[in-house]
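Below, chains carry the letters A, B, ... as their sequence lines are ordered, and counting in each starts from 1.
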There are 2 protein chains.
Amino acid sequence: MGRDTRTRILDTALALFAARGVEAVTVTELEEGAGLSPGSGSFYRHFASKQDVLAAAVAREIDRAEARRVPTAGTSDLGSEYRATLDALDDLRPLLALLVREGGRLPEVERIRGVLAEGGARIDAARLRDLMEAGTIPERDAEGVATAVMMALVGFHLAERFFGGPVGVDRDRLVATLASMVGT
Amino acid sequence: MGRDTRTRILDTALALFAARGVEAVTVTELEEGAGLSPGSGSFYRHFASKQDVLAAAVAREIDRAEARRVPTAGTSDLGSEYRATLDALDDLRPLLALLVREGGRLPEVERIRGVLAEGGARIDAARLRDLMEAGTIPERDAEGVATAVMMALVGFHLAERFFGGPVGVDRDRLVATLASMVGT
DNA sequence: GTCTATAACCAGATAGAC
DNA sequence: GTCTATCTGGTTATAGAC
């Protein structure tokens, strides 16, 4: 808790905005979450408005996601690659939640889409095409396979994290099955 | 526009709630959308509160979805089945949007989950197991395949409808590729 | 059933003491 | 930098005439 107040406000804002949506969260709650007196305007010594703290929280999270991004070049097997993509989606969860909840009303939507596409949900069609040409996996519409796998991973993540209920099989079986469907 | 006022309020509420979230929509907007004088309390002659109209709109939409549901027994080929599932998801879009945006704060969340699972996103593992035993498609973890296909369709639908941007290949290619991945 | 008018409340935001 | 106190505006909800 030694972080400064501005950071604590940003942490609180990201968590609450992602969990309940921007409109549903009051400045008073942000103050309370940051250890300030609720209802005091102390929030406004750090941010000009609720929109301002939203923009700052999104920008900080994008920067963090871009910094953390690991190349994960296609060296490992497909199953490990898909597992890594699911992990990346976990890491991007707050941004994904904000994007799902707020849609186009978010600041910097395009940068968010870029981070999600590049860092998280990228299943490379070119890599698949190489494997197909080498005869390692069956010949199919490579872009189609890449999209299908990508959407299966994103859908699974969203179902697990947002819809709450059981979504069929667990991560291990999903990843293994996807690799099998691509590979044979 | 010959529908009665209550119905017009419900229509407006479902559309606006799904598009922008419940908190972001004011009773005044609901009145305006239903052709009532904005800011007049006329809304309250039909519903007791905003939560009340939300509950009624959700209930009506669940009923509609359950009534419209067609058995779609596994008579056709896999591609047609997946296409039909995408169409069913389109039909359930308002409920899906509400579930994504509001999560557990929605009334009757369990019934909504049930409708989505039964009517929209059901890829039957038992059907796949039959096809595997008959040798029509390769032997694999049937539940795993069912989950993977289901999540790919849900993810594709969400990406298309919520994230806005291009999501890879179009519906025809996605459906065809999925059928190919399951079938060979 | 709809309107005008308004009450009651709460959230966003500001002023000024400490 | 945080507090108490307050302003302002918008939102829910009600009262009563038509």
Side-chain angles (χ1 to χ4, degrees), chain A residues 1-60 97-98 101-108, chain B residues 1-60 97-98 101-108:
Chain A
M1 256 317 229
R3 299 158 301 165
D4 65 0
T5 303
R6 186 188 158 87
T7 304
R8 290 200 311 274
I9 294 176
L10 282 173
D11 294 342
T12 307
L14 185 69
L16 293 186
F17 288 167
R20 288 164 36 205
V22 177
E23 290 260 0
V25 176
T26 67
V27 169
T28 300
E29 285 176 296
L30 297 183
E31 289 172 331
E32 197 159 17
L36 297 170
S37 176
S40 73
S42 296
F43 166 90
Y44 293 97
R45 296 283 172 180
H46 303 274
F47 299 97
S49 67
K50 207 162 82 166
Q51 281 304 309
D52 185 30
V53 75
L54 170 65
V58 165
R60 192 189 64 158
L98 276 173
R101 272 192 217 286
E102 308 297 327
R105 290 189 304 281
L106 269 187
E108 306 198 76
Chain B
M1 259 313 231
R3 299 158 300 166
D4 65 1
T5 303
R6 186 190 157 88
T7 305
R8 290 201 311 275
I9 294 176
L10 282 173
D11 294 342
T12 307
L14 185 69
L16 293 186
F17 288 167
R20 288 164 38 205
V22 177
E23 290 262 0
V25 177
T26 67
V27 169
T28 301
E29 286 176 296
L30 297 183
E31 288 172 332
E32 197 159 18
L36 298 170
S37 175
S40 73
S42 296
F43 166 90
Y44 293 97
R45 296 282 173 182
H46 304 273
F47 299 97
S49 67
K50 208 163 80 167
Q51 281 304 310
D52 185 31
V53 75
L54 170 64
V58 165
R60 190 188 65 160
L98 276 173
R101 270 192 218 285
E102 308 296 327
R105 288 189 306 280
L106 268 187
E108 307 199 75

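Rounding to whole angstrom units, CD of residue B/Glu31 and P of C/dC3 are separated by 8 Å. What separates CZ of B/Phe47 from P of C/dT2 is a distance of 12 Å, to the nearest Å. For the pair A/Glu29 CD and C/dC10 P, the interatomic distance rounds to 13 Å; values are reported in whole Å. C/dG1 atom C1' lies 11 Å from atom CD1 of B/Ile9, rounded to whole Å. Protein atom CZ of B/Arg3 is 16 Å distant from nucleotide atom P of C/dG1, rounded to whole Å.
The side-chain hydrogen bond (donor to acceptor under 3.5 Å, both in side chains) analysis of residues 42-53 of chain B, with sequence neighbours excluded, yields the pairs B/Ser40-B/Ser42. Residue pairs meeting the salt bridge (Lys or Arg N to Asp or Glu O under 4.0 Å) criterion with at least one partner in residues 12-21 of chain B, sequence neighbours excluded, are B/Arg20-B/Glu29.
Residues B/Ala56 and B/Arg6 share a closest heavy-atom pair of CB-NH2, 4.2 Å. Scanning all heavy atoms of the two residues, the minimum distance from B/Leu54 to B/Pro107 falls at CD2-CD, 3.8 Å. Here the shortest heavy-atom pairing between B/Gly21 and B/Arg101 reads N-CD, 3.6 Å.
Looking only at distances, a side-chain donor or acceptor of B/Glu102 sits under 3.5 Å from a matching main-chain atom of B/Val22.
Of the residues in residues 11-20 of chain A, not one places a heavy atom less than 4.0 Å from an atom of DNA chain C.
Residues passing the ring-ring contact (aromatic ring centres under 6.0 Å, His included) test with A/Phe43 are A/Phe47, sequence neighbours excluded.
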Open item on the list: Does the protein touch nucleotides 4-18 of chain D at the base, only the backbone, or not at all? Give it as B, S and - per nucleotide, heavy atoms under 4.0 Å.
Closed with: B------SSBB-B--
For residues 12-19 of chain A, dump all side-chain donor-acceptor pairs below 3.5 Å to protein atoms at least two apart in sequence or in another chain.
residue : atom : partner : partner atom : Å
A/Thr12 : OG1  : A/Arg8  : O            : 2.8
A/Thr12 : OG1  : A/Gly33 : O            : 3.4

